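Here is the naming used below: chain letters follow the sequence lines, and residue numbers restart at 1 for every chain. Predicted model only: the values in this text are computed from it and were never measured.
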Amino acid sequence: MADKVKLLLIDGNSVAFRAFYALYTQMDRFTNSEGLHTNAVFAFNNMLDNIVAQQKPDKILVAFDKSGGTFRTKMFGDYKGQRDAAPSELLEQLPVIKELLDDHGMAHYELQDYEADDIIGTLSREAEKAGWETTIVTGDRDLTQLATDHITVQVTKKGVAELETYTPAHIEDKFGLTPTQIIDMKGLMGDTSDNYPGVTKVGEKTAIKLVTQFGSIEDLYDNLDQLKPSKMKENLVNDEAQARLSKTLATIKVDAPLTIGLDDLHYAGPDIEKLRALYTRLDMRQALAKLPASAQETAVHEAITYTVLDDANLAALLDVHEPAAFEVEMLTENYHTADPIGWFVVTADQAFVSSDVTLLTLPAVQTWLTEAKLAVFDGKRDIVAAARLGVTLPALAFDVLLASYLLNPDQNANDLGQIAQDHGVSVPFDETVYGKGAKRHVPDEVALFTHFVEKGRAILALQPLLTTKLKEQEETHLFTELEMPLAQVLAQMEITGITLERATLKAMGDQWRSTQTVLEEKIYAEAGVKFNLNSPKQLGEVLFEKLNLPVIKKTKTGYSTSVEVLEELKSASPIIQDILDYRQVAKLFSTYVTGLLNAQLADGKIHTRYLQTLTQTGRLSSVDPNLQNIPARDEGKQVRKAFIPSKPGWQIFSSDYSQIELRVLAHISGDANMQEAFKEDRDIHANTAMKIFGLDSPDQVTPDMRRQAKATNFGIVYGISDFGLAKNIGVTRKQAKAFIDGYFEQYPQVHDYMEKMVKVAREQGYVETLMHRHRYLGDIHSRNFNLRSFAERTAMNSPIQGSAADIIKVAMIRMQAMLDENHLHSRMLLQVHDELIFEGPAEEMATLAELVPKVMDSAVSLAVPLKVESHYGPTWFDAK
DNA sequence: CCAATCACG
DNA sequence: ACGTACGTGATTGGT
């Protein structure tokens, strides 16, 4: 038995409309190089792919509305009268969508005087007579009136990705009506978007009730006398003409005079090459990537050849003098511990690969390396991997990862495959070749080496592309003079590592552990029940259900038990303080004792990895372990006593920028008052307190005033809101607003700066730092208040936080040079956003105390001085 | 794999 | 009217 013919009918206009708005907030991202928007095309295309994959239709037709009036407008002049014109950004995409359909091999059709609905209605009825199965896809629920046992209507839900399926049974379930009764319902209700009236005061509920009771509008008016006198009955009588007209307008034609028939429908499948050309023209890289490889690309794949290096053929590599892509490959993330699985050198016309990294250590290869001009993807990784073999890499020529990060920090991936794809270069993802999780493995030699060569070629292909883009974005200097050399400095810091005194940390850990156990027992006794204290869920149940403490705040999943909540509950029960204490020691023990002990390597040191391409602002981040969040306050700061110099007689030295972000703000805002405060080295928080509290002398500033002023200073840097500030310092929103108003009055140019950054973000789509680091803020145009507000705060904060990051990065590069030039034994170990931590011989401390602040405060020249404070001692704890 | 919590600047 | 501070990472429990 042959399967029935499957027909897919799509309401082109309504789906395009939904598609457009599904990605409306992302419209800026979906634009091709000619400025044509592609958000609707993109979403429409995804919808097509999904529905075709799911339904496997034999025939497809996409129906469109024909511009100009329809028979409905002739019948009712105001039909769709109130509707705003579709936005031009959508209109420009309709012809492209039709082109897309052509290339997909799908028919499309429109008819003068009729809407897409009527085309679909007519064809679906014809298809039913022919014994076909039809699916209708639309964004308009009115079309559900067409549903039968052989015609299913799918209505887009939440954008266009999800469809709700309407069969007669589903309609019965949902409304208690038959599909044709949908028309009667609509007639009574009217339709505001199509601008026809219906009956006064009748909405969906009443309409459904009336249609269920009477069957149809005609039957309703034939039997009006059955209704008891009421306002509703009066309305029905008065609006009878409108109701009947509305029903006619809502009725989809099933006999439109189409100039096509079932025979004209087809679905031949896509023309891949045409689609490729279209996607390329539209810059639709995701769609492009999904297409099967072209004959050309396949040929390239087949053409991959390489030389597997060994002692005998090494000479060929040593002959390479042109620029090359290079990598030492490892399977796992942590390159301090991962085993290398191979390495490659790829030039424009040659490729050398090997699984044997010891070849790198051969003197001939090392000599070759000193002269090599290498392009890499994540060079810091290669530098560390090579260093573990005792091999030093030359200064690297180009790092694809760093370049791509600077071009757009939020579209940055840690995978060459992803980044290449984003720039129109095709190379498999590491995950595809190596697998992930437990399945990750070294593939067979051919697969591995082929991947090496492809990665090498991608790096070479990306280098000129990204170089051009960096230049266009005026980020060349930032790239060549900042991030590239910084990678080298960071690699050195990571390789050096910081020594952890195991016994010290263990002893502290034992103490905390026993405190933890004692508190645990005490809490169970106070609660009268044993439970898992580490589970906020269980703790919440105990506190708020068993002990009936007042609920202060809820999270998405239940009661909040955060510090702020517990602080408020302190007076309600003695158990609270114990829980707070428990939390503190539990955190210290698990993260800072167990965690750090586990991270210590055989050399007795902790080697963190700095992620140079992660944060949105240009800061570094630190992982495995994070050495940028080692406790600095309260009991926790004891942990710092376990961080010691690597050699006897050495000390830990630390310098930090004092209020660097506020100084940056004083500089970039040009605010005279704020600049004066820093030029005269006044206490900035006290200064702010005087300004916002209207005091005449610093003596009048109470500690509490200073505290509030400090919070206000922070708030300003973060892109203030009165609500946020009020919450933070525990004053009313009104008072917080008064603080902010006072602040802006005293620092008027800071106010101007805030407004200017938001304006800049709106106009150019991004904000930038002192050194032209970009941050893109697509959400600045969002219709969603939250997203938009967030983008606005980010616009204010990023240039501040990011410029401070630029400054310390400059300092770090110069610092390394300074240490080298002065032949100091001291070395830089850590960076914690505004501070640098060193170790060195005790005799060098005085030199560091002189030179380190000098390098740091001269890193850039601002309108205000940069202030640096230094300390040193036998442990990190003492270097404060 | 996500949410909650808490550590840092 | 909308709900809100900016940037991170590790651990734990729970799906």
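Taking atom CE of A:Met796 as the reference point, atom P of C:dG7 lies 12 Å away to the nearest angstrom. Between the CG atom of A:Leu597 and the C1' atom of C:dA10 there is a distance of 15 Å, rounded to whole Å. Separating the CZ atom of A:Arg773 from the P atom of C:dG7 is a distance of 15 Å, rounded to the nearest angstrom. Summarising the geometry, the separation between CD1 on A:Ile660 and P on C:dG7 is reported as 18 Å, rounded to the nearest angstrom. Nucleotide C:dT4 holds its C1' atom 12 Å from the CG atom of A:Asn784, rounded to whole Å. As rounded to whole Å, 13 Å separates atom C1' of C:dA5 from atom CZ of A:Arg733.
Residue-level contact check: A:Asp656 touches neither bases nor backbone, having no heavy atom under 4.0 Å from any strand. Within 4.0 Å (heavy atoms only), A:Asp722 reaches no atom of the nucleic acid at all. Contact annotation for A:Leu620: no contact, since no heavy-atom pair falls under 4.0 Å across all strands. Among the heavy atoms of the strands, none lies under 4.0 Å from A:Gly719. If you check every strand for non-hydrogen atoms under 4.0 Å, A:Ser798 touches nothing. Contact annotation for A:Ala795: no contact, since no heavy-atom pair falls under 4.0 Å across all strands.
Put simply, the side chain of A:Gln600 gets close to the backbone of A:Gly604: a donor and an acceptor are under 3.5 Å apart.
Counting distance only, with no hydrogens placed and no angle test, the side-chain atoms of A:Ser721 and the base atoms of C:dT4 include a donor-acceptor pair under 3.5 Å.
Taking the six-membered ring where tryptophan is involved, the planes of A:Tyr872 and A:Phe653 are essentially parallel, since the angle between them stays under 30° and well short of 60°. The aromatic rings of A:Phe643 and A:Trp876 sit perpendicular, their planes meeting at an angle over 60°, well past the 30° parallel limit.
Note: A:Ser782 OG to A:Arg788 CZ = 6.5 Å, rounded to the nearest 0.5 Å. Taken to the nearest 0.5 Å, the CD1 atom of A:Ile660 stands 5.5 Å off from the CG atom of A:Leu866. The CG atom of A:Asp671 sits 7.5 Å away from atom CG of A:Leu665, with the distance rounded to the nearest 0.5 Å. Separating the CG atom in A:Leu662 from the CG atom in A:Asn713 is a distance of 5.0 Å, to the nearest 0.5 Å.
Under 4.0 angstrom from either OP1 or OP2 of C:dA5 there lies no side-chain N or O belonging to A:Asn728. Between A:Arg775 and the phosphate of C:dG7, there is a side-chain N or O to OP1/OP2 separation shorter than 4.0 Å. Considering only side-chain N and O atoms, A:Ser535 lies under 4.0 angstrom from the phosphate OP1 or OP2 of C:dG14.
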Generate the contact string for nucleotides 3-9 of chain B. Rules: B means base contact, S means sugar-phosphate contact only, - means no protein heavy atom under 4.0 Å. SSSBBSB
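Ring centers of A:Tyr776 and A:His774: under 6.0 Å apart, within the cut-off.
Taking A:Glu763 as the reference, A:Lys759 meet the salt bridge (Lys or Arg N to Asp or Glu O under 4.0 Å) condition, with sequence neighbours excluded.
A distance of about 14 Å separates the P atoms of B:dA4 and C:dA5, rounded to the whole Å. For the P atoms, the distance from B:dC6 to C:dA1 is 35 Å, rounded to whole Å.
Taking a pair as Watson-Crick or G-U wobble with both distances under 3.5 Å, the runs of three or more consecutive pairs in DNA chain C are B:1-9 with C:6-14.
Open room surrounds CZ on A:Phe714; 12 or fewer heavy atoms of other groups in view lie less than 6.0 Å from it.
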